[in-house]
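See below for the structure under consideration.
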Amino acid sequence: MSRVLIVGAGLTGSLCACLLRREMPNKVIVVWDKSRGAGGRMSTSRSPSDASCIVDLGAQYITATTYYAKMHQNFYEELLAHGVLKPLVSSVEGEVMKDGGHKNYVSPTGVSAIVKHFLKQSAGAEVFFDHHVTHIYQKGAIWEVCRKGGAPEQFDSVVLTMPVPQILQLQGDVGSLLEKSQRQQLEAVSYSSRYALGLFYKAQAHIDVPWAAKYISNNPCIRFIAIDDKKRNLESPECGTSMVVHTSVPFGIKHLEEAKEQVEPLILEELNKLLPGLPQPDSIKCQKWRYSQVRSSVADCPGQMTLLSQPLLVCGGDGFTHSNFDGCIESALKVFDVLKHSL
């Protein structure tokens with residue numbers, strides 16, 4: 001029975017696993033991710049002292065344009081039917097309106113629930129965390145994949161869905177398989193970098209602002225703030241409130257190589273200037289996003305790049321489309337189409 005390895009348990013990888021399970025139930029599907037949990041840049045963090053107090057450190061909400069709401073209607077309807085998505089009813093100050101109208105959605109239990117839903121729908125897939133792929137070798141008609149601190153394993157097909165710079169860093173045979181034009185296309189992909197700060201508060205702490213989320217303009221440090229429970233319309237006196245702060249890209253780039261412990265007080269200082277009188281947080285989580293959003297994707301947005309057809313080695317993710325929910329869906333569909341014709 002053929003084994004398919006999907007590297008990356010973000011949205012593209014989890015949906016690939018789901019589509020494979022639904023349409024090719026006889027395949028052995030294995031998912032590896034270097035992190036401690038699923039989500040990728042759809043990351044949700046919990047307060048160490050209150051599991052009901054959560055904050056989205058990556059994607060904040062899903063924006064469906066009229067075009068993609070129709071194009072990916074079945075995925076939106078599935079997530080809405082399972083309660084994974086619901087309409088965003090709270091105000092987002094400073095939001096740039098998309099042409100042609102759009103709808104915004106939030107996830108009541110955190111945006112990582114979207115990824116976890118698709119992993120759950122790939123029931124039977126073997127999902128492993130703390131599996132950091134370092135080398136990929138072609139051994140005849142199979143791939144031998146090596147990871148940090150573990151024995152090499154063999155697979156019939158491999159799907160790479162991590163950020164493009166991490167694909168280029170892989171050792172083994174990947175570099176020699178890249179055609180010159182492919183390497184140039186991958187090297188041209190660029191990402192923004194930023195920090196995210198999650199602040200968790202005790203129950204009944206009050207943050208007195210008239211909005212649930214706000215884009216900040218003309219600030220050198222902070223670009224976006226959300227009161228996360230208010231964003232989900234789930235405020236409750238029994239649960240602690242939470243706040244997320246996203247920095248601007250220039251700030252993120254300036255401090256990218258510094259330790260998070262050095263950057264955190266700089267963000268907090270600026271936050272307290274913007275919102276004086278904030279209560280003292282119970283705990284804080286600082287996240288560095290080296291690869292936050294795709295600024296320049298692979299030319300012509302093909303959705304995937306096949307490095308070798310037999311045995312199949314294919315790359316996907318928003319670096320091959322555009323950096324949002326629908327870009328990841330589009331890439332997963334393109335990768336799955338390649339898998340269908342290969343397996």
Fill in the blank from the handout: Rounding to 0.5 Å, atoms CZ (Arg290) and OH (Tyr195) come to a distance of 8.0 Å
Problem - Side-chain heavy atoms of Ile142 within contact of Pro311, under 4.5 Å - result: no
Completion exercise
For Gly140 and Gln138 the tightest heavy-atom approach is O-NE2, 3.2 Å
Completion exercise
Closest non-hydrogen atoms of Val164 and Gly319, given as atom of the first, atom of the second and distance, are CG2-CA, 4.3 Å
Practice task
Report yes if some heavy atom in the side chain of Val335 is under 4.5 Å from a heavy atom in the side chain of Ser331; otherwise report no.
Solution key: yes
Exercise for the section: Could you verify whether a donor N or O on one side chain and an acceptor N or O on the other, from His132 and Asp130, lie under 3.5 Å apart? Expected result: no
Exercise for the section: Enter the distance from Leu339:CG to Cys16:SG here, rounded to the nearest 0.5 Å. Expected result: 6.5 Å
Problem - Nearest-0.5 Å distance that lies between atom CG in Leu177 and atom CG in Leu170 - result: 11.5 Å
Practice task
Examine Lys116 relative to Phe118 and say whether NZ or CZ is less than 6.0 Å from the centre of the six-membered ring and inside a 45° cone about the ring axis.
Solution key: no
Fill in the blank from the handout: Those residues at least two apart in sequence (or on a different chain) that pass side-chain hydrogen bond (donor to acceptor under 3.5 Å, both in side chains) with Glu78 are Arg22, His117
Practice task
Determine whether the side chains of Asn104 and Thr63 contain a donor N or O and an acceptor N or O closer than 3.5 Å.
Solution key: yes
Handout entry: With sequence neighbours excluded, residues passing side-chain hydrogen bond (donor to acceptor under 3.5 Å, both in side chains) with Ser236
Key = Glu238
Problem - Enclosure of Lys103 NZ (heavy-atom neighbours >12, cutoff 6.0 Å) - result: no
Fill in the blank from the handout: The reported gap from NZ in Lys86 to OH in Tyr105 (rounded to nearest 0.5 angstrom) is 13.5 Å
Handout entry: Cluster check Val145, Leu313: I/L/V/M/F/W/Y, side chain < 4.5 angstrom
Key = yes
Handout entry: Polar contact flag, side-chain donor to acceptor under 3.5 angstrom, Asp282-Ser49
Key = yes
Exercise for the section: Please report the closest heavy-atom contact between Thr321 and Ser297, naming both atoms and the distance. Expected result: O-OG, 2.9 Å
Exercise for the section: Decide yes or no on side chain to side chain contact (heavy atoms under 4.5 Å, CB included) for Phe155 and Glu153, but give the supporting numbers first. Expected result: CA-CA 7 Å; Phe155 300 91; Glu153 293 191 35; 3.7 Å; yes
Exercise for the section: Dump the intermediate steps for ring-ring contact (aromatic ring centres under 6.0 Å, His included) on Tyr76 and Tyr68, then the final yes or no. Expected result: CA-CA 10 Å; Tyr76 281 104; Tyr68 279 114; 8.8 Å; no
Exercise for the section: For the residue pair Ser292 and Arg194, confirm or rule out a side-chain donor-acceptor distance under 3.5 Å. Expected result: yes
Problem - hydrophobic_cluster_shared for Leu275 and Leu268, side chain cutoff 4.5 Å - result: yes
Problem - Thr65 side chain to His102 backbone, donor-acceptor under 3.5 Å - result: no
Problem - Side chain proximity check, Leu234 to Pro108, heavy atoms < 4.5 angstrom - result: yes
Practice task
Assess whether side chain to side chain contact (heavy atoms under 4.5 Å, CB included) is satisfied between Leu278 and Asn272, documenting all intermediate values.
Solution key: CA-CA 7 Å; Leu278 282 174; Asn272 283 299; 4.1 Å; yes
Exercise for the section: Please step through side chain to side chain contact (heavy atoms under 4.5 Å, CB included) for the pair Val245 and Phe224, ending with a clear verdict. Expected result: CA-CA 6 Å; Val245 178; Phe224 178 84; over 6 Å; no
Handout entry: Gln304 and Asp337 side chains, donor-acceptor separation under 3.5 Å
Key = no
Fill in the blank from the handout: Residues pairing under salt bridge (charged side-chain N to carboxylate O under 4.0 Å, His left out) where one sits in residues 32-49, two or more places apart or in two chains, turn out to be Arg41-Asp318
Problem - Close side-chain approach of Tyr61 and Val111, heavy atoms under 4.5 Å - result: no
Exercise for the section: Look at atom CG of Asn26 and say whether more than 12 heavy atoms of other residues, nucleotides or ligands are closer to it than 6.0 Å. Expected result: yes
Practice task
Heavy atoms only: give me the nearest His246-Ala196 pair and the separation to one decimal.
Solution key: CD2-CB, 3.4 Å
Practice task
Sequence neighbours left out, what pairs pass ring-ring contact (aromatic ring centres under 6.0 Å, His included) with at least one residue falling in residues 249-287?
Solution key: Phe251-His255
Exercise for the section: Measure the spacing between NE2 of His72 and CG of Leu79 and express it to the nearest 0.5 Å. Expected result: 12.0 Å
Completion exercise
d(Arg295 CZ, Ser193 OG) to nearest 0.5 Å is 8.5 Å
Exercise for the section: Look at the side-chain heavy atoms of Ile, Leu, Val, Met, Phe, Trp and Tyr, link any pair under 4.5 Å apart, and say whether Ile329 and Met305 land in one connected group. Expected result: no
Exercise for the section: Output every pair passing salt bridge (charged side-chain N to carboxylate O under 4.0 Å, His left out) with a member in residues 258-267, not counting sequence neighbours, ordered by first then second residue. Expected result: none
Problem - Flag, side chain of Lys27 to backbone of Arg3, donor-acceptor distance under 3.5 Å - result: no
Practice task
Go through the structure and list residues passing salt bridge (charged side-chain N to carboxylate O under 4.0 Å, His left out) with Asp50, not counting sequence neighbours.
Solution key: none
Problem - Any donor-acceptor N/O pair, Lys285 side chain to Phe200 backbone, under 3.5 Å - result: no
Fill in the blank from the handout: Nearest heavy-atom approach of Val115 to Gly10 is CG1-O, 3.7 Å
Exercise for the section: Measure the shortest side-chain to side-chain distance between Ser283 and Pro48 over non-hydrogen atoms and say whether it is less than 4.5 angstrom. Expected result: yes
Practice task
Write down the atom of Ser45, the atom of Leu57, and the distance for their closest heavy-atom approach.
Solution key: CB-CD1, 3.8 Å
Practice task
Treat each ILVMFWY residue as a node, draw an edge where side-chain heavy atoms are under 4.5 Å apart, and state whether Tyr201 and Ile54 are in one component.
Solution key: no
Practice task
Give a yes or no on whether the backbone of Pro152 and the side-chain of Arg147 come within a donor-acceptor separation of less than 3.5 Å.
Solution key: no
Practice task
State plainly whether one hydrophobic cluster holds both Val127 and Leu160, where clusters connect Ile, Leu, Val, Met, Phe, Trp and Tyr through side-chain heavy atoms under 4.5 angstrom apart.
Solution key: no
Practice task
Report the C-alpha separation of Phe320 and Cys315 in whole Å, then their side-chain angles, then the decisive distance to 0.1 Å, and conclude whether the side chain to side chain contact (heavy atoms under 4.5 Å, CB included) test is met.
Solution key: CA-CA 8 Å; Phe320 298 86; Cys315 307; 3.5 Å; yes
Problem - Student check: side-chain heavy atoms of Phe336 and Leu15 closer than 4.5 Å - result: no
Practice task
Keeping the roles fixed (side chain from Gln171, backbone from Gln169), state whether a donor-acceptor pair exists under 3.5 Å.
Solution key: yes
Exercise for the section: Examine the side chains of Lys231 and Gln60 and answer whether a donor and an acceptor come within less than 3.5 Å of each other. Expected result: yes
Handout entry: Pair Thr12-Thr161, side-chain donor/acceptor within less than 3.5 Å
Key = no
Handout entry: Asp228, Thr109, Asp56 screened by side-chain hydrogen bond (donor to acceptor under 3.5 Å, both in side chains) with Thr44, the one that passes
Key = Asp56
Exercise for the section: Can you establish whether the number of heavy atoms outside Lys120 located under 6.0 Å from its atom NZ is more than 12? Expected result: no
